[in-house]
Number of protein chains: 2
Amino acid sequence: MKDRNQTGTIEREFLINYKPDRYERPSVTVDMLIFTVDDAKLGKSKGTFGKELKILLIKRKKPPFMEDMALPGGFVNIEESIQDAAYRELKEETNIENVYMEQLYTWGEVNRDPRMRVISVSYMALVPKEGLRPIAGDDASEAIWFVVKKRDLMECSTNKSSMLSVESEDGCIKMGYIVTEYYERKGFVNTFRTEVEPISGNETNLAFDHIHMINMALERLKNKVEYTQIAFNLLHEEFTLPELQQVYETILGRTLYKANFRKKILPMVIKTDNKKTNVAHRPVQYYKFNPEYYAGEIDYKEE
Amino acid sequence: MKDRNQTGTIEREFLINYKPDRYERPSVTVDMLIFTVDDAKLGKSKGTFGKELKILLIKRKKPPFMEDMALPGGFVNIEESIQDAAYRELKEETNIENVYMEQLYTWGEVNRDPRMRVISVSYMALVPKEGLRPIAGDDASEAIWFVVKKRDLMECSTNKSSMLSVESEDGCIKMGYIVTEYYERKGFVNTFRTEVEPISGNETNLAFDHIHMINMALERLKNKVEYTQIAFNLLHEEFTLPELQQVYETILGRTLYKANFRKKILPMVIKTDNKKTNVAHRPVQYYKFNPEYYAGEIDYKEE
DNA sequence: CGAATAGTGTCTGTGAGACATTATCGT
DNA sequence: ACGATAATGTCTCACAGACACTATTCG
């Protein structure tokens, strides 16, 4: 302790510990997971749900991963906050603002990007579908909505595997992945490690680790839809309860009992004066979100 | 298929010619929120709980914020993953490995650090107290456990304010903050914006935005202790149920009914052959964690 | 009237909360 | 025996799940 005061010692320690690349800096990007829910095109995949979950992807027109699909995103400018960068990317891609967005996870593996060290902060945004025209940024040739589906394949005591498929609206681009979650204990907590394997036969793939990001976002969405009002962000100001239920069912991947769903939802909504009529059955009541509603469980969020 | 090769060539050339200096880059650090639970020193604060939640802080010996307290942490090296950096910092500070750790949030405001643009990824770790001797890193003069307490002051329809106090074990350093959460709607989701005000009279303060990190970690801990087995990480291999209950009560900030607590916990633990005896009352059964226990709700985690 | 979907009523089981009671040590 | 804390039993109530039933339109 006393030789702390000796300048020579401090200097020597400094030199011993100093590594020249210690202060080399990584690049930082944001990647946007922009989800919406849309009516399923009839005839095609005969899922039991009337709606489909979609994510916005771009086609990369530059290396690396040129011609592959990727999440929209870009570098964080030195004079803007990460969140501002995320909002900027969202606006650039969809031309909408003031929608729900939350930070998802920060991806920091060394070789995520073959060019150089890139750390990516992923954000999830939920937007209503109508009146939204995706815009390709300058690093992309196009921006397209992709239908995302995850269905369980098998489960045993040590792992669970699922099929995660990402398919363009017109069906031209199909990407399939086998996602396997290996259960593990970390400290005393049961958790799992995720591995992803592209299906042989994919003509196009997702760039970087973006399929991992999509998978994590799906899980987060599934979790949060149960205990928050997050799903309302996928619809417009006015909606019917059957529509809302379809959104829930699409995200959760299972059907819900109508009566129970309504009992849970009714305190969160207000009846409007409008009804959807000219339908071959009883007219449907329109509702809107009840801003007075306050659930005990809300998420901790930093602005 | 044939332009695959062409694309590959383009990508290879691109990578060779790529000059990564186009954009100015931020520095990236990790900050560690290392928590433990320890017996409360008698006599002092007459909280009703026998244990206290503690966090490991260091005293900064370099500017900026020299002489202030801060979370342990450091720069992410260019050739290590963010998570590896977090594990490295944890080991440097506590000399322990293989404990529970999770990514908390990434802090990206432009002026977090007065020197330059620094983005920080925060990690929360939970460690058992005994047999752990904190080590001051090379940027710190000491590493000390601080008692953390958060108690509600008042709540109304638009906001809620709490007193967040961080106090060294010996009582010499006390830092108090008023934390106010303003309820807001973001999209259709109720959320809140957090503001923190140091109490006038603090002789020492927390550096950077670290008080925000501590606040967020406390909320996360409070949430997760209810639906995960995270709390077991704060104890050693064998523990008694009253001890475990004290840990829960400390984190949650309220007392629990013993019978109900045990009904909830019993499936997660296994009785051992040991009892704590020589106590002035009925002997206490030691338990250990049941690795077979699997709760439906587990956290999505990336390794 | 029948097809179709909207919307409601009600029974049951599960689990959290509150509290009462019994058990087993040291002194 | 008594103080002290461990450990268990049980009642109630809220709520989610499952399902049956009624309502209202179009054609």
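Numbered from 1 within each chain, the chains take letters A, B, ... in sequence-line order. In this text the structure is predicted, and so the values were computed from the model without any measurement. For the numbers below, each heavy atom of this structure counts, side chains included, while hydrogens, waters and symmetry mates do not.
- Shown here is A:Glu237, whose CD atom has no more than 12 heavy atoms of other residues, nucleotides or ligands within 6.0 Å.
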inquiry  = Determine whether A:Arg220 and A:Glu102 satisfy the following criterion, salt bridge (Lys or Arg N to Asp or Glu O under 4.0 Å), listing intermediate values before the conclusion.
reply    = CA-CA 11 Å; A:Arg220 179 90 133 236; A:Glu102 69 170 76; 3.0 Å; yes
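- Taking the nucleotide of DNA chain C with the nearest heavy atom to each of A:Ala259 and A:Val284, the more 5' of the two is matched to A:Val284.
- Atom NZ of A:Lys129 has more than 12 heavy atoms from other residues, nucleotides or ligands within 6.0 Å.
- For B:Tyr257, a side-chain nitrogen or oxygen approaches OP1 or OP2 of C:dC19 to under 4.0 Å.
- Every residue meeting the ring pair (Phe, Tyr, Trp, His ring centres under 6.0 Å) condition with B:Phe239, not counting sequence neighbours, appears here in chain and number order: B:Phe232.
- Note on A:Lys264: nothing from the nucleic acid sits closer than 4.0 angstrom, heavy atoms only.
- Atom CD1 of A:Ile214 and atom CZ of A:Phe146 lie 9.0 Å apart (nearest 0.5 Å).
- Between the P atom of C:dA6 and the CZ atom of A:Arg282 lies a distance of 10 Å, rounded to the nearest Å.
- When the nearest nucleotides of DNA chain D are assigned to A:Thr277 and B:Lys271 by heavy-atom distance, the more 5′-ward of the two goes with B:Lys271.
- Within the structure, every pair that satisfies the ring-ring contact (aromatic ring centres under 6.0 Å, His included) test and touches residues 258-281 of chain B, not counting sequence neighbours, is listed here: B:Tyr248-B:Phe261.
- First and last contacting nucleotides of DNA chain D toward chain A (any atom under 4.0 angstrom from a heavy atom, 5' to 3' order): D:dG17 to D:dC26.
- At a cut-off of 3.5 angstrom, counting only N and O atoms as typed in the model, there is no donor on one side facing an acceptor on the other between the side-chain of B:Lys263 and the base of C:dG15.
- Put simply, A:Arg262 has a side-chain N or O that comes within less than 4.0 Å of OP1 or OP2 on C:dG7.
- Look at CD on A:Glu243: it is 14 Å from P on C:dT5, rounded to the nearest Å.
- For B:Leu256 and A:Ala280, each mapped to the nucleotide of DNA chain C holding its nearest heavy atom, the one lying further toward the 5' end belongs to A:Ala280.
- Rounded to a whole Å, the NZ atom of A:Lys258 is 13 Å from the P atom of C:dG9.
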